[in-house]
Amino acid sequence: MHRQNIYVSDCDLGRGLFAARDYDEGEFIFRFTGPVIDFAQVVAKGETEGNALQIGPRSYLDLEAPHVFTNHSCEPNAGVRDDTDMYALRKIRKDAEIRFDYSTTMSEGRWTMACLCGTESCRGVVGDFHALPDEVQRRYIGLRTVQRFILGEVAQTQGAK
């Protein structure tokens, strides 16, 4: 169990998930957990529909604490691999907030949110992976932090060109 290596605390976005120890680049941090739900169940969540992690074209994890407190960043220090596993994209110091780019897990053509990450490269809006600039998509694909079903969509789209 990796929960002793992370903790929830206040941050500039309300609550966030923080590193309870240093992490090296490429190191496993935690696995997202929660029941698998479908698209209709996500929509039925109303204001909290953004708390579900898309793991397939119509499949989602209804995230549980503490992982539900992981915030977005357009310049993330972590990323999701193998659909549910969070890894450090660079060294993360103890007590730093762990953030990933939500767009690397989204492809539904529906949900967006205003981005408040405050980074220099902030895009202003968080949306689907396919809406990201091509160079950002390529970078995330190279980092292996894009959901497998989205990689399948990308391959299908590139094959159609």
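- Annotation: R90, atom CZ; neighbour count of heavy atoms from other residues, nucleotides and ligands within 6.0 Å is above 12.
- If you chain together hydrophobic residues whose side chains sit under 4.5 Å apart, I150 and L143 fall into the same group.
- Residues N77 and E97 share a closest heavy-atom pair of ND2-O, 2.8 Å.
- Q137 places a side-chain N or O within donor-acceptor distance of the main-chain N or O of L132, the cut-off being under 3.5 Å.
- Results of the side chain to side chain contact (heavy atoms under 4.5 Å, CB included) test with T105 over F100, F32, Y60 single out F100 as the only residue that passes.
- Pairs of residues two or more places apart, or lying in two chains, never qualify as ring-ring contact (aromatic ring centres under 6.0 Å, His included) while including a residue from residues 110-153.
- In this structure, L89 CG and R99 CZ are separated by 14.0 Å, a value rounded to the nearest 0.5 Å.
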Please tabulate, one pair per line, all N/O donor-acceptor pairs under 3.5 Å involving side-chain atoms of residues 113-122, not counting sequence neighbours.
| from | atom 1 | to | atom 2 | distance (Å) |
| --- | --- | --- | --- | --- |
| T119 | OG1 | C122 | N | 3.4 |
| S121 | OG | E75 | OE2 | 2.8 |

(message) salt bridge (Lys or Arg N to Asp or Glu O under 4.0 Å) for D38 and R58? Distances and angles first, verdict last.
(response) CA-CA 6 Å; D38 64 24; R58 297 306 234 190; over 6 Å; no
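- Taken to the nearest 0.5 Å, the OH atom of Y87 stands 13.0 Å off from the CD1 atom of I92.
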(request) With salt bridge (Lys or Arg N to Asp or Glu O under 4.0 Å) as the test, would you mind laying out the steps for D101 and R123 before giving the verdict? (result) CA-CA 11 Å; D101 191 329; R123 299 185 301 269; 2.9 Å; yes
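- How far CG of L53 is from CD1 of I37: 10.5 Å, rounded to the nearest 0.5 Å.
- The hydrophobic cluster containing V125 does not contain V136, counting ILVMFWY residues as joined when their side-chain heavy atoms lie under 4.5 angstrom apart, directly or transitively.
- Not counting sequence neighbours, F39 has no partner by the ring pair (Phe, Tyr, Trp, His ring centres under 6.0 Å) test.
- Residues A19 and Y7 come closest through the heavy atom pair O-CE2, 3.5 Å.
- Residue-environment remark: NZ (K94) stays at or below the threshold of 12 foreign heavy atoms within 6.0 Å.
- Distance OG1/T33 to CG/D62: 10.5 Å, rounded to 0.5 Å.
- Of the possible polar contacts, none joining the S103 side chain to the V126 backbone as a donor-acceptor pair under 3.5 Å is found.
- Of all heavy-atom pairs between D22 and E27, the closest is O-OE1, 4.4 Å.
- If you take CE on M106 and NE2 on H72, they are separated by 9.5 Å, rounding to the nearest 0.5 Å.
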(request) Begin from the C-alpha positions of F69 and C11 and carry the test side chain to side chain contact (heavy atoms under 4.5 Å, CB included) through to its verdict. (result) CA-CA 10 Å; F69 293 103; C11 69; over 6 Å; no
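- When every heavy atom of A52 is checked against every heavy atom of V42, the shortest pair comes out as CB-CG2, 3.9 Å.
- When all heavy atoms of D128 and G109 are compared, the closest pair comes out as OD2-N, 2.5 Å.
- Atom CG of D82 and atom CD of Q147 lie 9.5 Å apart (nearest 0.5 Å).
- Residue H67 is tested with N51, I6, V8, L61 for a side chain to side chain contact (heavy atoms under 4.5 Å, CB included); the sole match is I6.
- No donor-acceptor distance shorter than 3.5 angstrom exists from the side chain of R144 to the backbone of G79, with no hydrogens or angles considered.
- A pairwise comparison of heavy atoms in M86 and A78 identifies SD-CB, 3.5 Å as the closest pair.
- Formation of a donor-acceptor pair under 3.5 Å by the D83 side chain with backbone atoms of R148 is found in this model.
- Checked by atom type and distance alone, the side chain of Y23 pairs as donor or acceptor with a backbone atom of N5 at under 3.5 Å.
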